[in-house]
Peer 1: 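First, the structure itself, so that you have it in front of you.
Both counts, for ligands and for their atoms, begin at 1 and track the order of listing. Note that the coordinates shown come from a computational prediction; the quantities given were computed from them, not determined experimentally.
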Amino acid sequence: MSQQPVIAFIGAGNMARAIIGGLLENGFAASSIWAAEPDAARLEDLAAQGLNTTTDNQAAVAAADIVVLAVKPQIMKTVVNALAGAAQTHRPLFVSIAAGISLDALDRWLGGDAAVVRCMPNTPSLVQTGASGLFANARVSDLQREQATQVLEAVGVALWVQTEAELDIVTAISGSGPAYYFLMMEAMTAAGTRLGLSEETARGLTLQTALGAARMASSSDVDPTELRRRVTSPNGTTERAIKTFQAEGLEAMVEKAMTACRDRAVEMA
Ligand code: NAD
């Protein structure tokens with residue numbers, strides 16, 4: 001990372017640890033990272049890695065250029081309200097990774113004058129292959145946008161969207177998307193087993209195929225449509241399967257499912 005701002009994590013749970021792990025792997029200095037948690041025992045391993053740790057959220061915020069809000073959505077208001085003083089004095093960038101909490105609410109809870117980025121990460125961030133959508137309020141500077149990108153890129157891909165409402169579409173693609181692929185894996189494993197393979201073999205082949213297809217698609221310079229065309233010989237086996245998916249309405253079903261997901265995200269906000 002070219003510049004090393006001081007980053008404080010408020011809440012040192014799964015998601016914060018994933019991002020911290022990614023930052024350290026990317027050469028970010030442990031001494032530039034703070035982790036704040038009420039549960040001191042959960043901070044011990046982070047302190048052993050050289051991070052600054054504290055049970056006092058305000059102390060961490062006071063030291064930071066970037067504050068990553070990584071507590072559960074239900075307690076966000078209480079946690080953030082207590083940080084409003086610090087937000088008014090040295091004005092760090094706040095990055096919220098909590099699902100369903102609007103920029104407006106965060107800004108209000110921080111005293112009404114804060115630079116805030118709202119981010120929608122996903123669970124593969126825990127294995128450093130996450131996909132995050134980000135949106136900033138008007139007080140976030142270009143440098144701060146770059147810094148927020150660097151933080152989220154530590155655990156995968158980070159893409160900015162044009163409006164806050166687009167974060168609900170991000171939820172429908174990448175936020176909830178891992179579960180769609182898990183469902184496909186379940187269905188392929190079950191079908192392979194019903195067709196006669198052992199469950200272990202069907203699952204092993206399914207998972208490796210998902211990984212291989214994802215690697216090929218993300219490393220290729222052609223799009224998935226072209227990759228599919230290349231493995232679909234006329235009148236061959238793959239074509240027979242693809243035609244069956246299409247005849248059964250797979251594309252329309254995916255759109256319907258994602259629309260339902262987006263609508264639920266809007267409802268919950
Ligand atoms: P988690 O429960 O693992 O971590 C939350 C941490 O906050 C815990 O360690 C808890 O002790 C700590 N905490 C509790 N009260 C606190 C307080 N007053 N001050 C500071 N810390 C406090 O949860 P997580 O899975 O890491 O999720 C964190 C956030 O990330 C949530 O808002 C969630 O919506 C969001 N998120 C998570 C995922 C995911 O894959 N886990 C994906 C997308 C978004």
Side-chain angles (χ1 to χ4, degrees), residues 7-23 33-47 49 51-64 66-87 92 94-103 105-106 109-110 116-135 148 151-159 161 164 166-182 261-262 264-265 267-269:
I7 307 177
F9 288 84
I10 306 302
N14 294 319
M15 206 63 183
R17 282 161 185 277
I19 299 174
I20 289 167
L23 289 168
I33 306 176
W34 283 73
E37 253 286 333
D39 181 354
R42 299 192 71 172
L43 292 168
E44 281 168 13
D45 63 314
L46 296 173
Q49 290 178 71
L51 270 74
N52 307 284
T53 58
T54 177
T55 53
D56 176 358
N57 290 347
Q58 306 211 24
V61 170
I66 303 175
V67 178
V68 181
L69 300 168
V71 295
K72 291 286 189 198
Q74 310 86 272
I75 64 163
M76 188 63 90
K77 183 176 181 184
T78 313
V79 168
V80 163
N81 266 157
L83 304 177
F94 289 88
V95 179
S96 165
I97 61 168
I101 297 185
S102 72
L103 277 178
L106 289 163
W109 299 339
L110 285 164
V116 191
V117 168
R118 184 178 156 198
C119 168
M120 179 68 215
N122 67 1
T123 46
S125 302
L126 303 173
V127 289
Q128 322 273 292
T129 39
S132 303
L134 297 94
F135 184 72
V151 171
L152 272 308
E153 278 184 347
V155 286
V157 168
L159 297 168
V161 293
E164 188 169 5
E166 287 185 15
L167 287 178
D168 296 321
I169 311 173
V170 171
T171 301
I173 299 186
S174 50
S176 300
Y180 313 161
Y181 286 101
F182 297 147
C261 181
R262 191 273 320 271
R264 181 67 184 133
E267 242 172 60
M268 286 171 71

Peer 1: Check for me whether D39 has a heavy atom closer than 4.0 Å to any atom of ligand 1.
Peer 2: no
Peer 1: What residue among T54, V61, D56 forms side chain to side chain contact (heavy atoms under 4.5 Å, CB included) with Q58?
Peer 2: D56
Peer 1: Which residue supplies the protein heavy atom nearest to atom 3 (O) of ligand 1, what is that atom called, and how far is it?
Peer 2: N14 N, 2.9 Å
Peer 1: Would you kindly specify which portion of T78 sits under 4.0 Å from ligand 1, judged on non-hydrogen atoms: side chain, backbone, both or neither?
Peer 2: neither
Peer 1: Given side chains that start at C-beta, do those of P124 and Y181 come closer than 4.5 Å, heavy atoms only?
Peer 2: no
Peer 1: Check each atom of ligand 1 against the heavy atoms of V79 and keep those under 4.0 Å away; list them by number with element.
Peer 2: 17 (C), 18 (N)
Peer 1: So do E37 and T53 actually touch side chain to side chain, heavy atoms under 4.5 Å?
Peer 2: no
Peer 1: If we check side chain to side chain contact (heavy atoms under 4.5 Å, CB included) with L51, which of these qualifies: I7, I33, L43?
Peer 2: I33
Peer 1: Please examine the side chains of L106 and M76, heavy atoms only from C-beta on, and report whether any two atoms are closer than 4.5 Å.
Peer 2: yes
Peer 1: Which residue supplies the protein heavy atom nearest to atom 7 (O) of ligand 1, what is that atom called, and how far is it?
Peer 2: G11 CA, 3.5 Å
Peer 1: At a 4.0 Å threshold, what atoms of ligand 1 neighbour a non-hydrogen atom of A12?
Peer 2: 9 (O)
Peer 1: Taking all heavy atoms of S125 and all of A18, pick out the closest pair and write down the distance.
Peer 2: O-CB, 3.6 Å
Peer 1: Please report which non-hydrogen protein atom sits nearest to atom 10 (C) of ligand 1, along with the residue it belongs to and the distance in Å to one decimal place.
Peer 2: E37 OE2, 3.2 Å
Peer 1: Ignoring hydrogens, what is the shortest heavy-atom contact between A16 and G11? Give both atom names and the distance.
Peer 2: CB-O, 3.2 Å
Peer 1: Could you tell me whether S125 approaches ligand 1 through its side chain, its backbone, both or neither, with non-hydrogen atoms closer than 4.0 Å?
Peer 2: neither
Peer 1: What protein heavy atom sits nearest atom 15 (N) of ligand 1, and how far away is it?
Peer 2: I75 CD1, 3.1 Å
Peer 1: Compare every heavy atom of S132 with every heavy atom of C119, then report the nearest pair and how far apart it is.
Peer 2: SG-CB, 3.9 Å
Peer 1: For atom 25 (O) of ligand 1, what is the nearest protein heavy atom, given as residue, atom name and distance?
Peer 2: K72 NZ, 3.7 Å
Peer 1: For ligand 1, which atoms sit closer than 4.0 Å to a heavy atom of G13?
Peer 2: 1 (P), 3 (O), 4 (O), 6 (C), 9 (O), 26 (O)
Peer 1: Can you sort out the partners of R42 under salt bridge (Lys or Arg N to Asp or Glu O under 4.0 Å), two or more places apart, ordered by chain and number?
Peer 2: none
Peer 1: Are M120 and S174 packed together at the side-chain level, in the sense that at least one heavy-atom pair is separated by less than 4.5 angstrom?
Peer 2: no
Peer 1: Identify, by atom number and element, the atoms of ligand 1 in contact range of R42, meaning under 4.0 Å from any of its heavy atoms.
Peer 2: 8 (C), 9 (O), 11 (O)
Peer 1: Please write down residue, atom name and distance for the protein heavy atom closest to atom 13 (N) of ligand 1.
Peer 2: P38 CD, 3.7 Å
Peer 1: Near P73, which atoms of ligand 1 are under 4.0 Å from a heavy atom of that residue?
Peer 2: 31 (C), 32 (O), 34 (O)
Peer 1: Can you confirm, on distance only, whether ligand 1 has an N/O atom lying under 3.5 Å from any N/O atom belonging to M15?
Peer 2: yes
Peer 1: Between M76 and ligand 1, which part of the residue brings a heavy atom under 4.0 Å of the ligand: side chain, backbone, both or neither?
Peer 2: neither
Peer 1: Does N122 reach ligand 1 with a nitrogen or oxygen that is under 3.5 Å from one of the ligand's nitrogen or oxygen atoms?
Peer 2: no
Peer 1: Looking at ligand 1, does any of its N/O atoms fall within less than 3.5 Å of an N/O of V71?
Peer 2: yes
Peer 1: Which residue and non-hydrogen atom of the protein lie closest to atom 40 (O) of ligand 1, and at what distance in Å?
Peer 2: T123 CG2, 3.0 Å
Peer 1: Quick test of your reading of the structure: of A99, A41, A70, A60, whose heavy atom lies closest to atom 34 (O) of ligand 1?
Peer 2: A99
Peer 1: Is D45 close to R17 at the side-chain level, that is, under 4.5 Å between some pair of heavy atoms?
Peer 2: yes
Peer 1: When you compare the side chain of I101 with that of V80, does any pair of heavy atoms fall below 4.5 Å?
Peer 2: no
Peer 1: What's the shortest heavy-atom distance between L23 and F9, and which atoms?
Peer 2: CD1-CZ, 3.8 Å
Peer 1: Could you tell me the residue and atom name of the protein heavy atom closest to atom 36 (N) of ligand 1, and the distance to it rounded to 0.1 Å?
Peer 2: I97 O, 3.7 Å
